[in-house]
2 protein chains.
Amino acid sequence: MTNVVAEPVAPMSIASVERDSGLPKDTLRVWERRYGFPNPLRDKQDERLYPADQVTTLRLLRRLIVAGHRPGKIVGLPDDQLKKLLEKVGGPDDQPTAYEAEPVLGLLRSHDAVGLRNHLNAIVLRSGLGAFASVTGPRLVEAVGSAWARGDLEIHQEHFFTEQFTTVLRSSISAAEGAGLPRVRPRVLFGTFPQEPHALGLMMAEAMFTLEGCLGISLGVQTPIPEIAAAARAHKADILALSFSSIVPAAQATTGLAELRNLVPGTIEIWAGGACPGLRPMPGVYVLRGLASIGPAIEAWRSRTNFTE
Amino acid sequence: MTNVVAEPVAPMSIASVERDSGLPKDTLRVWERRYGFPNPLRDKQDERLYPADQVTTLRLLRRLIVAGHRPGKIVGLPDDQLKKLLEKVGGPDDQPTAYEAEPVLGLLRSHDAVGLRNHLNAIVLRSGLGAFASVTGPRLVEAVGSAWARGDLEIHQEHFFTEQFTTVLRSSISAAEGAGLPRVRPRVLFGTFPQEPHALGLMMAEAMFTLEGCLGISLGVQTPIPEIAAAARAHKADILALSFSSIVPAAQATTGLAELRNLVPGTIEIWAGGACPGLRPMPGVYVLRGLASIGPAIEAWRSRTNFTE
DNA sequence: TGGCGTATTTGTCTAGGACAAAAATGGGAT
DNA sequence: ATCCCATTTTTGTCCTAGACAAATACGCCA
């Protein structure tokens, strides 16, 4: 029930569509060539003009592709079929997640900024930062992500969630840093590869390391691999912690880790973690399964290196 | 004085250079055709491979063009001439910037995480959040950006600065939100267009609005235009605040703002600001020159709409 | 069921050409 | 000399259609 009266929206240029749908110009053109969709009008200079409804369909398609569908099978299908497919995505295994996430999804649906912030803060206060960053947080992120993929949430609601979540987590990390002993080691450098724009996983890891008394330094997301290596050397890091969400292709993660391993001295450990399914241990790279395993891993590092605070 | 030993950095693909320099692929190709620069190597499949030094030059060129030079006059010139031109550009008004930024650049060069954080926090405490977000902050960001463009800082140092700056600013905003009267109006929604990944400008604006007692809601960066519009309606925003850094082409900013203006009801005001030089006022869109003008603008809004706390 | 080699799919790159919007330039008229 | 308008140059973005490697699916065998 978005609009009762159809608004006359001007058709968009290919550059606008690229921005709004997230599909590169080259892809838009090659889909048109291969699958016959999109099927834009042309202006006087023979440039593509995309009607608004086709752009909407393109957004639907992008969601389905992110969810694992293949372009060849779905590009060109009528809208109602696409919507049916979208409903199936994320289906049955949603049940366990739903329990904790339901209030959050409700707050997102009602656009309640203050309520959401309070709710997240309450979770941190009630169960502690550790449980939030390693258990509840990942579940909420997962639930919101799949609700978005399913079409239950708009993009802007997902952005909004990310912002609120970030704010709560950041302030908790700051608070945790202030408390406790002066931090010295291990010095941990955080980052993600260039193809990984997802910051929440990295931040939850940062929270866990901070709780263990590490000195954390973050580069944020999407740092080129040679730059990560240079930073690790410059900051004299003990551990390089990399986060991989499920959007990173396994092969690229592996290649990148090997490249990185080559660029930093062996005295610096590389720890990789995240939801990326293809992450596998390799020589000189530790793979952490789940954020809860960070604590024990730090303990092990400390006894391994004979470092005591 | 970055590196004594030249490191062998792998040449970049055209897509990487587009991300890195902010110049679209088409422009890179057409410059090569017209001016003979850049002059990339080719890999086995005849695809362009840009050496690192050419990418540095491209960044220099982009800065000069943003500053008003014409491509035809400067593309192809040797680096030392470009640097001379660049010095003239920011010439006299570079002095005051250098004064405040020098300690920060020093801390970045020595990779002093704790020192940088303390230094930024000290500025906030000494001069206040308002002065930090509207005066010192922008100057620091500018100084770091141009040091990076000049090649005086590595990418990872710029990432590192961004993270520390973000942390300090966020916690200050949180503190400011907690203080003062309960926040009701204006309700301000923050965001950037999809081609704008720069979050610092947006956050500094958020700080200024928060200090004025507004209720701020952020979508973070890179939200598609129709989604921004949908969020504005859903959150019943009074003001939509958009941030534009200098990497956004003026034409795209204008087009996008017009599109956005069409999509949201006239009762919601659109305020645009940022370092983007081509930002011009247009019907239904206010352009704020400088973060310091946010305060008076809010006052004006309050008296215009007869809203009193 | 799990691993491995082959076939298909898919995104991104290539080359030049074209053209409109933006900017610079020239030439009166005030 | 200054202002304004028309003409020329510059510049970015779009076009077509082909190519190819990386990613993925498929078929086969153990």
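Please read these numbers as outputs of a predicted model, since none were measured by experiment. Sequence lines set the chain letters: A, B, ... in the order given, protein chains first and strands last, and positions in each chain run from 1.
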ask   = What closest approach, in Å, do Leu202(A) and Gly191(A) show between heavy atoms, and which atom pair accounts for it?
value = CD1-O, 3.4 Å
query = Should Lys25(B) be listed as having a side-chain N or O under 4.0 Å from OP1 or OP2 of dC13(C)?
reply = yes
request  = Round to the nearest Å and state the distance from His69(A) atom NE2 to dT24(D) atom P.
outcome  = 15 Å
request  = Please determine if a side-chain N or O atom of Trp31(B) lies less than 4.0 Å away from the OP1 or OP2 oxygen of dT11(D).
outcome  = no
note = By nearest-heavy-atom nucleotide on DNA chain C, the more 5' of Gln45(B) and Pro71(A) is Pro71(A)
task = Can you tell me the distance, in whole Å, between the NZ atom of Lys73(A) and the C1' atom of dT9(C)?
result = 10 Å
query = Taking 4.0 angstrom as the limit, do Glu47(A) and Lys25(A) come out as a salt bridge?
reply = no
query = OP1 or OP2 of dT9(C) less than 4.0 angstrom from a side-chain nitrogen or oxygen of Tyr35(A), does that happen here?
reply = no
task = Could you tell me the separation between the CG atom of Asp26(B) and the C1' atom of dA15(C), rounded to a whole number of Å?
result = 12 Å
message = As a test of reading the structure: which of dT12(C), dT10(D), dC13(C) is closest to the side chain of Arg34(A), going by heavy atoms?
response = dT12(C)
request  = Could you state the atom-to-atom distance from CD of Glu47(A) to P of dT13(D) in whole Å?
outcome  = 12 Å
query = Is any side-chain N or O of Arg29(A) under 3.5 Å from a base N or O of dG11(C), one able to act as donor and the other as acceptor?
reply = no
query = Taking the side chain of Ala15(A) as its heavy atoms from C-beta onward, which of dC14(D), dT14(C), dT11(D) lies nearest to it?
reply = dC14(D)
task = Grab the CD-C1' distance between Glu32(B) and dT11(D) for me, whole Å please.
result = 17 Å
message = Distance check needed: dT14(C) P versus Tyr50(B) OH, whole Å only.
response = 7 Å
ask   = Salt bridge check: are Arg62(A) and Glu18(A) linked by an N-O gap of less than 4.0 Å?
value = no
query = Asp46(B) near the nucleic acid: base, sugar-phosphate alone, or nothing, with a heavy-atom cut-off under 4.0 Å?
reply = sugar-phosphate
message = For a quick test of reading the model, state the closest non-hydrogen atom pair linking Pro38(A) to Trp31(A) and the distance between them.
response = CD-CB, 4.1 Å
ask   = Toward the 5' end of DNA chain D, which comes first, Arg42(A) or Gly68(A), by nearest nucleotide?
value = Arg42(A)
request  = Please determine if a side-chain N or O atom of Arg33(B) lies less than 4.0 Å away from the OP1 or OP2 oxygen of dA15(C).
outcome  = no
inquiry  = Rounding to an integer number of Å, can you tell me how far Ile14(A) CD1 sits from dT12(C) C1'?
reply    = 14 Å
key: Nearest-nucleotide comparison on DNA chain D, the residue closer to the 5′ end among Ser16(A) and Gly72(B)   = Gly72(B)
ask   = Does Thr27(A) put a side-chain nitrogen or oxygen below 4.0 Å from OP1 or OP2 of dT12(C)?
value = yes
note = Correct closest heavy-atom pair for Ala232(A) and Ile268(A) would be O-CD1, 3.9 Å
request  = Quickly work out the Arg70(A) CZ to dC26(D) P distance and round it to whole Å.
outcome  = 9 Å
